[in-house]
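Quick note on labels: first sequence line is chain A, next is B, and so on, each numbered from 1.
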Amino acid sequence: MRYLPKSPADREAMLKAIGMRTVDELFAPIPAEYRLSRDLQVPHQMAESEIVDYFRQRSRENGEGYASLLGAGAYSHYRPVIIDSLISRGEFLTAYTPYQAEISQGTLQSIFEFQTMICELTGMEVANASMYDGSTAAAEAVMMTVRLSGRRSVIVAQSLHPEYREVLATYATHQGMPLSVAGFGEDGRVNLKEMERSITPETACVLIQSPNFFGTIEDVAAIAEIVHKHGAMLVVSIAEAVSLGIVEPPREADVIAMEAQSFGVPLGFGGPYCGVIATREKFVRQMPGRLVGQTVDKQGKRGFVLTLATREQHIRREKATSNICTNQALVALMVNIFMTVYGKVGLKELAKQNLAKTAYAAAQFAKHGKVLFAASPRFNEFVVETKEDPLAINNRLLGHKIVGGLPLKKFYPELGNAALWCCTELTTRSAIDTAVALVAGADGSEPLTKEEPTVEEVAR
Amino acid sequence: MRYLPKSPADREAMLKAIGMRTVDELFAPIPAEYRLSRDLQVPHQMAESEIVDYFRQRSRENGEGYASLLGAGAYSHYRPVIIDSLISRGEFLTAYTPYQAEISQGTLQSIFEFQTMICELTGMEVANASMYDGSTAAAEAVMMTVRLSGRRSVIVAQSLHPEYREVLATYATHQGMPLSVAGFGEDGRVNLKEMERSITPETACVLIQSPNFFGTIEDVAAIAEIVHKHGAMLVVSIAEAVSLGIVEPPREADVIAMEAQSFGVPLGFGGPYCGVIATREKFVRQMPGRLVGQTVDKQGKRGFVLTLATREQHIRREKATSNICTNQALVALMVNIFMTVYGKVGLKELAKQNLAKTAYAAAQFAKHGKVLFAASPRFNEFVVETKEDPLAINNRLLGHKIVGGLPLKKFYPELGNAALWCCTELTTRSAIDTAVALVAGADGSEPLTKEEPTVEEVAR
Amino acid sequence: MKHPTRKATTHVNQNEGLIFEKSSAGKAAWKLPPLDVPEVDTSKLLGSSERKDLGNMPEVSEIEIIRHFTRLSTWNYAIDLGMYPLGSCTMKYNPRVNEAVARVEGLANRHPYQPEKISQGALQILKTLSECLIDITGMDAITLQPAAGAHGEMTGLLMVRAYHHAQGRPRKKILIPDSAHGTNPATAAMVDYAVENLKSDSRGMVDIGALEAQMNEDVAALMLTNPNTLGVFEQQIHKIADILHAKGGLLYMDGANMNALVGKVRPGDFGVDVMHLNLHKTFSTPHGGGGPGSGPVAIKKILEPFLPKPVLVTKTDGTLGFEYDRPQSVGRVRAFYGNFGMFVRALAYIQANGPDGLRQTTEDAVLNANYIRKGLEGTYDLPYSTPTMHEVVFSDKLQAKKGVRTMDIAKRLIDYGFHPYTTAFPLIVPGALMIEPTESESKEEMDLFIDAMKSIAAEVEEDPQTVLDAPHSTRVSRLDETAAARKPVLRWKPASK
Amino acid sequence: MKHPTRKATTHVNQNEGLIFEKSSAGKAAWKLPPLDVPEVDTSKLLGSSERKDLGNMPEVSEIEIIRHFTRLSTWNYAIDLGMYPLGSCTMKYNPRVNEAVARVEGLANRHPYQPEKISQGALQILKTLSECLIDITGMDAITLQPAAGAHGEMTGLLMVRAYHHAQGRPRKKILIPDSAHGTNPATAAMVDYAVENLKSDSRGMVDIGALEAQMNEDVAALMLTNPNTLGVFEQQIHKIADILHAKGGLLYMDGANMNALVGKVRPGDFGVDVMHLNLHKTFSTPHGGGGPGSGPVAIKKILEPFLPKPVLVTKTDGTLGFEYDRPQSVGRVRAFYGNFGMFVRALAYIQANGPDGLRQTTEDAVLNANYIRKGLEGTYDLPYSTPTMHEVVFSDKLQAKKGVRTMDIAKRLIDYGFHPYTTAFPLIVPGALMIEPTESESKEEMDLFIDAMKSIAAEVEEDPQTVLDAPHSTRVSRLDETAAARKPVLRWKPASK
Ligand SMILES: Cc1ncc(COP(=O)(O)O)c(C=O)c1O
Ligand SMILES: Cc1ncc(COP(=O)(O)O)c(C=O)c1O
């Protein structure tokens with residue numbers, strides 16, 4: 001086997017050194033009746049070229065070359081080439097968790113920079129080294145407030161990503177934590193009254209998302225005021241990290257649970273992504289996940305180490321803040337490099353382009369369907385209600401190698417024929433125009449002409 | 001500009017330090033009348049994503065996805081993934097020529113290993129660090145024999161790659177070196193009698209290729225005997241390096257000039273490739289190009305350095321063995337890694353697969369066209385003569401996304417409707433069968449049925 | 001050093017500050033393409049939600065970023081540089097073809113919500129990998145959703161919990177051997193189970209007597225690592241299963257050590273009801289400095305109704321798709337379908353090996369561990385002489401006499417050109433040296449490791465201080481972790497502020 | 001060291017033997033797919049030409065190869081690690097997007113002989129790059145065929161030779177300033193021209209008087225580097241051109257230093273007839289440890305008939321193709337069309353910069369060189385005070401008094417975390433320190449460089465021996481080059497034999 005660095009002679013010599021005659025002796029501890037006498041039923045040993053061909057083939061069967069107008073928690077942004085050049089270096093790719101600081105300073109310093117940038121972008125004081133993804137980060141953030149508040153019930157916004165809600169339900173219900181849902185209003189944002197009504201003295205926290213699942217930006221300040229008034233904590237989930245370039249972060253939150261996939265992480269059919277939790281300094285000891293801190297060596301030289309490990313499972317076992325061990329380090333490095341490339345000015349300009357593409361698209365769709373929650377501020381997603389079933393519309397788009405918006409029936413039956421569309425800096429005007437034309441085509445109105453709309457039209 | 005590590009403030013501070021007010025002052029030495037006052041007429045500054053899109057587009061216009069049965073000096077072999085993983089490391093990719101040995105041991109040791117493996121494969125005693133490509137290596141090898149023999153005229157086999165012959169002509173004629181050509185016989189190999197007749201006391205060397213341009217393996221021993229009998233030297237060019245896995249190397253040669261592209265170097269529309277010269281120890285001081293040698297440091301520790309530099313332009317200037325400076329180092333590293341991956345056993349097995357595919361293909365073509373030089377041993381190329389003009393046949397193949405063999409009219413009008421076909425381990429049986437069927441289809445005989453031929457058929 | 005090593009030396013190495021220390025207004029590593037739609041008035045669109053300032057985010061150029069991370073990378077040790085004998089972590093070779101195929105356009109850049117009919121390629125990968133893992137473990141069904149081992153543990157225990165609920169008799173606690181990894185008890189707590197410790201016997205295996213005594217109707221399951229963290233195979237495994245099953249409990253196996261079993265024996269065959277795998281261990285996906293991982297959970301039929309949703313199914317028309325209507329499911333454990341990129345890598349690894357390669361891999365892994373045990377027995381104390389599978393655990397008992405503890409020896413190994421072994425556990429071995437070479441180490445590399453360990457043992461006798469002060473060859477010496485925890489500095493702040 | 005540097009330190013680094021020392025029969029890093037055609041009888045097919053044995057070729061596994069080359073790589077210095085101030089080599093940043101686009105399937109893996117009609121993508125790249133380079137140089141036509149600068153020189157001189165032949169009066173010699181790079185005279189000799197040295201004046205420029213005296217009908221051309229190897233722009237350039245042209249000679253410009261001119265001035269505008277470019281310098285293609293390069297040759301109309309063949313043309317149907325029928329061509333200088341992969345990278349570099357970026361790049365390159373000159377003037381002897389363009393040349397005159405030569409200072413720079421500057425030439429400066437920072441260096445990096453150079457100068461005064469013994473921080477100390485040349489060991493041999 002080409003990965004194994006041993007010749008038959010090496011194996012012979014080693015067995016001899018151990019004082020064994022056959023390899024079977026090594027497995028003597030395993031009761032004979034359980035030993036497998038047959039070959040495993042897995043593919044035969046393949047040449048590297050066959051493996052590459054196999055996955056190229058799967059790739060061709062997987063929508064290769066389709067344009068997509070999907071968002072909903074996974075966003076398509078341009079990934080600067082240097083991200084892969086750098087994370088492919090064996091020293092990053094094939095290193096373990098940096099427990100041995102003296103030979104892990106590269107990983108440690110980069111995580112320290114990651115934590116710093118996440119703080120700068122979220123307006124929080126501390127951020128951890130990463131969580132599995134945005135959904136588990138949200139659930140863990142909620143658990144954190146339960147520990148901090150000593151209360152056990154949780155209120156979750158219906159405008160939070162439905163799958164995040166499902167994950168929270170999985171985490172919470174099995175720990176007997178009552179969950180209630182706060183609906184959204186005409187404006188596609190949390191219904192404040194309804195939310196306030198559902199808060200009780202047992203409410204540990206309210207969990208919302210902003211920009212929320214509909215792309216609408218929540219009035220975090222107002223929500224925070226109500227939540228805090230009742231002595232509960234506010235957890236804000238951010239699924240579209242690029243929004244932080246132009247949208248004011250939820251500084252009033254007590255904990256922010258983020259999905260950083262937008263920052264240079266490939267869509268990858270759903271994973272691996274990069275969750276992260278940020279909060280206030282005073283809450284850090286209840287924070288789950290790894291943390292890197294600055295310190296000095298014997299000569300007083302600056303260095304970095306994993307710290308506050310007493311929160312973690314390998315020290316505290318059943319008393320740990322979480323069971324998380326392996327996290328998403330290499331993905332966090334992608335995120336780190338992405339944030340470094342765009343930086344202070346680039347992130348804002350990038351976010352602006354997302355905003356412009358989305359404003360244009362929404363204006364175009366508005367001509368042939370109803371754009372819901374149109375009055376509320378939004379980032380790069382919008383909901384369009386059509387007469388026709390969006391599934392039918394999407395089938396038409398697929399014919400043109402375009403993947404249409406996400407039909408919301410599945411998650412929000414009450415929204416009927418609504419679909420969630422997304423535009424990023426990578427969405428071309430022509431893809432938008434084609435999609436709009438195809439939507440229109442079925443709504444009775446004549447298909448759009450390809451001529452460019454005037455700026456006035458768009459501004460409308 | 002995103003590659004430039006300076007802020008406006010940095011530039012200000014630096015100008016100030018130098019004692020200048022404006023950047024223009026820096027260019028004062030350039031007579032004003034020549035200074036360019038307009039923008040260069042080059043593409044406007046593009047975003048990275050635009051650059052990637054531009055080249056993806058060019059790629060789609062460049063035969064992407066076509067199968068190819070072309071060889072003729074550029075061969076399509078599988079490139080193990082680790083080649084690019086390793087050569088992409090900045091420490092190899094962005095290093096200069098290893099003149100400063102103490103911080104270049106990585107490049108130096110790898111070249112030393114490269115030189116060693118080339119010696120092992122060619123049967124020569126010394127090999128250099130690389131030349132531009134196989135054609136210039138052949139020309140420089142000939143120059144080498146001119147210096148060594150004190151004679152000035154050269155005989156070149158007509159079965160040598162025609163473009164190599166053109167390059168030699170360019171190098172030789174301008175130095176007033178008489179060139180004569182030795183034709184090939186019925187068997188597609190050098191016509192020994194004709195060759196011997198053309199050798200004179202002024203003949204410095206005879207240059208042949210084996211396997212030659214037709215894929216036929218020359219009788220190097222016989223040629224060497226004749227050449228040496230007349231006091232001339234024998235230079236053998238090897239264009240298909242993989243042949244060395246199964247074909248006896250031309251040990252009787254005085255100098256071997258090789259194109260190592262087959263060893264892990266992408267086809268890349270013709271370059272960069274990797275030339276190499278190998279020869280006997282006694283000729284090394286007339287060898288062009290860089291050489292790495294073993295030595296020790298002050299503590300007696302093994303190390304490697306560039307050596308015998310007195311042959312080179314930076315020391316000897318007009319008396320140097322060649323003007324070559326920059327060579328093909330990074331490509332030689334690809335070759336080195338490829339040779340290391342396949343090694344002693346893999347190279348032989350790889351070569352065997354090439355042989356098998358070619359034997360199969362030749363047998364199939366033989367049914368619908370005349371395979372020339374069929375009696376002579378060959379490696380992975382063969383010449384097929386058809387009634388129909390091969391250009392017409394190839395147009396038909398293009399319709400099936402297959403690039404057919406190289407029509408030889410252009411180089412060998414005397415061969416009429418002959419084309420040079422090549423099969424490697426990457427050529428699939430179905431591609432061969434399809435091609436054969438399309439050749440047949442136009443030769444009047446019925447198209448081949450798709451059923452597999454029996455081993456007997458193939459053996460024929 | 002007194003005992004020169006043939007393995008490593010020191011070489012000039014670049015310093016590098018924090019990226020923020022390189023930032024200067026006006027530098028940029030980015031450029032956006034021209035906008036093909038009209039510009040917009042941000043404040044008009046966002047109003048009070050508009051962000052004005054991005055604080056101290058850096059402004060640097062591309063070359064500075066390349067150098068920054070390249071320099072940082074040279075401060076790391078890695079599998080690509082040498083042996084990484086971390087016990088329980090299975091630091092094996094991460095094949096580069098895995099990285100190549102994971103980046104193929106249609107796999108790397110497709111959206112999880114694109115219609116299933118154009119996602120058959122990805123779904124086929126999920127299906128094939130699932131089938132492979134099911135046969136490798138000898139179980140009946142699997143979920144690929146969990147993002148890592150600990151996440152898999154939680155998923156598995158949630159299914160156990162749901163199972164007992166469905167049986168109408170919920171249970172209170174999980175039995176966990178004292179040799180277990182920290183995530184086991186932490187996970188039990190997360191799903192609201194009480195943890196009860198189970199002690200090991202003198203041979204480092206589950207104490208059958210204790211198990212019989214502690215097992216009752218309150219016990220939901222036993223979380224067993226097999227081979228356990230001592231590298232010892234639980235020879236009474238079937239007895240253990242019987243004891244649990246007799247009282248209606250389930251046997252959970254922590255599969256972190258599957259590298260000792262693949263192709264040789266299947267947990268499903270020796271009584272395991274539910275287990276997780278670590279694709280980032282046994283199946284060669286890179287650790288990447290701490291992640292990402294993937295922790296599939298394989299189960300027996302009885303637990304199938306409780307699988308997280310969605311579940312991959314073959315539809316009537318023969319195409320693949322997800323089933324969301326799973327009334328008894330424990331629910332989702334993460335958004336989307338799991339760490340897909342890791343599935344691609346793990347499948348590529350299985351394909352590269354085939355049945356014969358996987359078996360040979362396991363044999364080499366066990367051979368290597370035993371070779372190291374043989375090489376160091378006598379030099380270091382071996383608390384349990386029970387046969388070794390994929391890893392061996394020594395203790396620092398002999399060296400402790402000189403005041404040298406396992407962590408000191410570990411740090412000294414760095415000077416000898418190796419990454420340290422695991423020191424944090426198993427807790428049943430005070431001052432543990434937990435060594436797992438994996439199959440990826442050549443005899444040459446292991447001989448160098450054995451020499452290094454012997455040389456350090458000699459140093460402990462001759463001059464312990466050298467060992468206590470180690471490492472001596474690194475760009476930073478031992479770092480003050482206590483200070484770091486006492487006054488945590490968890491982010492950079494501009495000097496000014 | 002007495003003067004501690006903020007730039008570098010030492011860190012543990014892996015040793016590694018030769019790959020042959022790791023070989024063992026039966027190890028393999030390869031696997032072939034099953035053969036889809038019948039096996040063949042090799043000896044039957046090849047007879048006496050069959051090779052039986054591959055000698056001492058290695059047998060190793062993939063992980064060993066990854067570690068071998070990864071370890072080796074850590075022994076190298078590189079642009080990615082820090083400033084690489086080699087004068088005349090233009091060691092600038094090598095953008096990673098260049099590498100990415102050069103690997104796009106249809107560009108990386110297509111055959112040079114595939115029909116032109118399916119090669120329009122590649123041909124379009126040749127055309128666009130050619131047009132860019134023609135405008136950048138201000139010339140009329142170009143060939144991309146030469147594989148490197150020296151190859152371009154040869155190609156250029158061949159055209160000069162062909163031109164004079166066509167004029168009916170072949171000429172004998174080439175004038176070359178004493179400051180020229182070694183390839184210039186070596187090239188002249190290769191195309192059978194005699195080399196006549198032309199001395200420089202006190203300001204380091206061509207001595208006009210000498211030129212007038214030496215110029216006659218025997219002189220085919222003057223090979224001029226501008227800015228020359230002192231980093232000095234030949235202010236009399238047009239006078240020089242006039243003198244040559246007046247006697248029917250041609251002006252060849254070695255364009256190695258175009259990084260000082262791009263976007264600011266064009267050789268074609270100041271009288272150059274033929275010149276080469278180094279895409280691996282000015283246009284950012286990586287040096288890769290010594291190559292590959294690419295040396296396009298740009299020419300004025302009068303030389304167009306002599307271009308190497310084939311020549312890229314736009315055909316009547318508007319598609320691109322090669323023209324082979326070029327009766328006056330000097331012929332081919334290499335097989336196929338040149339180092340295509342470098343063309344892709346160079347064009348990507350031009351696109352990333354645009355007109356503004358290219359101009360800014362040149363300005364920064366010149367700014368950097370002048371900043372270093374200012375910083376080190378006084379500390380090191382500046383033999384020519386003429387204004388500096390892209391590089392500055394000092395001499396070791398002051399340090400030589402203490403017995404310390406330029407090579408010693410260069411080696412000492414290594415301890416300070418920098419790659420040395422160029423020491424080999426220009427020959428007109430004995431003990432030259434030839435420093436070219438390029439535009440890719442930040443102020444921070446250059447300040448560190450200036451500090452290092454000053455610190456070394458101080459060391460030369462305080463304890464020269466430290467400098468003479470340098471480097472002290474590398475895995476190997478100064479290597480014995482004399483011994484290497486006296487008894488050359490140019491390949492590994494098995495101990496046995
Ligand atoms: C025995 C054992 N169990 C569980 C885990 C946790 O797995 P993960 O880190 O993937 O969450 C580990 C990881 O080190 C382990 O060694
Ligand atoms: C001034 C000058 N001319 C010519 C050359 C030769 O160019 P190449 O190495 O590409 O052959 C060099 C390369 O160092 C150079 O600096």
Side-chain angles (χ1 to χ4, degrees), chain B residues 1 5 10 29 39-42 45-46 55 58-59 61-64 70 86 89-91 94-95 97 102-103 105-107 116 120 132 135 163 166 170 175 217 248 266 269-272 293-295 297-298 303 307 313-314 317-318 320 323 326-330 341 344 346 356 360 429 455, chain D residues 29-30 36-38 40 49 51 54-55 57 69 72-73 75-80 101 104 106 108 111-112 118 121-122 132 135 147-148 150 182 185-187 189 192 195 233 270 288-293 331-332 335-336 339-340 351 354-355 357 387 442-443 474 476-477 479 484 489 491-492:
Chain B
M1 203 283 130
D10 294 332
D39 273 358
L40 286 168
Q41 280 151 29
V42 299
Q45 194 174 124
M46 289 161 68
F55 287 100
R58 299 290 81 68
S59 169
E61 300 162 1
N62 211 56
E64 200 175 79
L70 283 170
L86 291 168
R89 285 184 59 84
E91 294 90 333
T94 73
T97 309
E102 300 84 357
I103 44 173
Q105 285 298 301
T107 296
T116 303
E120 289 293 337
Y132 300 139
S135 68
E163 293 194 358
E166 290 182 44
T170 306
Q175 298 190 45
I217 299 161
E248 185 63 8
F269 204 64
Q294 181 176 315
T295 185
D297 74 356
K298 290 180 180 171
T307 191
Q313 49 75 27
H314 63 283
R317 305 183 70 89
E318 59 267 39
N323 69 337
T326 288
N327 59 14
Q328 302 288 116
L330 196 71
V341 167
K344 189 180 172 73
Y360 171 77
R429 179 181 193 144
V455 180
Chain D
W30 59 277
D36 63 357
V37 298
V40 288
S49 308
R51 179 175 205 161
L54 268 65
M57 290 295 285
F69 290 101
L72 260 54
S73 75
W75 305 348
N76 279 2
Y77 190 87
I79 296 173
D80 282 6
V101 294
V104 172
H111 196 286
I118 65 164
C132 290
D135 192 62
T187 301
D192 226 15
V195 172
F233 188 89
F270 56 64
R332 271 187 177 281
F336 310 119
N339 284 346
F340 178 76
Q351 291 172 329
S442 64
K443 181 170 180 300
T474 48
V476 291
S477 58
L479 290 151
V489 177
R491 56 154 299 175
W492 169 86

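Per-residue heavy-atom pair counts under 4.5 Å with chain D were compared for B/Q105, B/E318, B/H314, B/R317, and the maximum is reached by B/R317. When B/L330, B/I217, B/T107, B/T94 are compared by the number of non-hydrogen pairs under 4.5 Å with chain D, B/T94 comes out ahead. No other option in D/A78, D/G354, D/G290 has as many heavy-atom pairs under 4.5 Å with chain B as D/G290. Per-residue counts of heavy-atom pairs under 4.5 Å with chain B were compared for D/A335, D/G289, D/A122; the largest is that of D/G289. Between chain D and the options B/E61, B/Q45, B/M1, B/E64, heavy-atom pairs under 4.5 Å are most frequent for B/Q45. Between chain B and the residues D/D192, D/D135, D/D80, the most heavy-atom pairs under 4.5 angstrom are made by D/D135. With respect to chain D, the highest number of heavy-atom pairs below 4.5 Å among B/G293, B/G90, B/S135, B/P29 belongs to B/P29. Among the candidates B/T295, B/I103, B/T97, the residue making the largest number of heavy-atom pairs closer than 4.5 Å to chain D is B/I103. Per-residue counts of heavy-atom pairs under 4.5 Å with chain B were compared for D/R491, D/R332, D/K443; the largest is that of D/R332.
For a residue to count as touching a neighbouring chain, one of its non-hydrogen atoms must lie under 4.5 Å from one of that chain's; by this rule B/S59 touches chain D with backbone and side chain alike. Both the backbone and the side chain of B/M46 come within less than 4.5 Å of a heavy atom in chain D. Both the backbone and the side chain of B/L70 come within less than 4.5 Å of a heavy atom of chain D. At a 4.5 Å heavy-atom cutoff, the contact between D/S73 and chain B is made by backbone and side-chain atoms alike.
The two residues D/G106 and B/N62 come nearest to each other via the heavy atoms O-ND2, 2.9 Å. For the pair D/W492 and B/T116, the tightest heavy-atom approach, listed with the atom from each and the gap, is N-OG1, 2.9 Å. Contact detail for D/W30 and B/V341: the closest heavy-atom pair is CD1-O, 3.5 Å. Between B/Y132 and D/A150 the shortest heavy-atom distance is OH-CB, 3.8 Å. Contact detail for D/S477 and B/E102: the closest heavy-atom pair is O-CG, 3.8 Å. Across all non-hydrogen atoms, the minimal contact from B/P266 to D/A108 is CB-O, 3.3 Å.
Judged purely by atom type and a 3.5 angstrom limit, B/E163 uses its side chain to pair as donor or acceptor with the backbone of D/F336. Side-chain N or O atoms of D/S442 include none that pairs as donor or acceptor with a backbone N or O of B/P5 at under 3.5 Å. Within the 3.5 Å criterion, the main-chain N or O of D/D36 finds a donor-acceptor partner in the side chain of B/R429. Within the 3.5 Å criterion, the main-chain N or O of B/E91 finds a donor-acceptor partner in the side chain of D/N76.
Residues satisfying the ring pair (Phe, Tyr, Trp, His ring centres under 6.0 Å) test with D/F233, not counting sequence neighbours, are D/F270. For B/F269, the ring pair (Phe, Tyr, Trp, His ring centres under 6.0 Å) partners are D/Y337, D/F340, not counting sequence neighbours.
Note that CG of D/L479 is 11.5 Å distant from OG1 of B/T307, once rounded to the nearest 0.5 Å.
Here the side chains of B/Q328 and D/N339 are in contact, with some heavy-atom distance below 4.5 Å.
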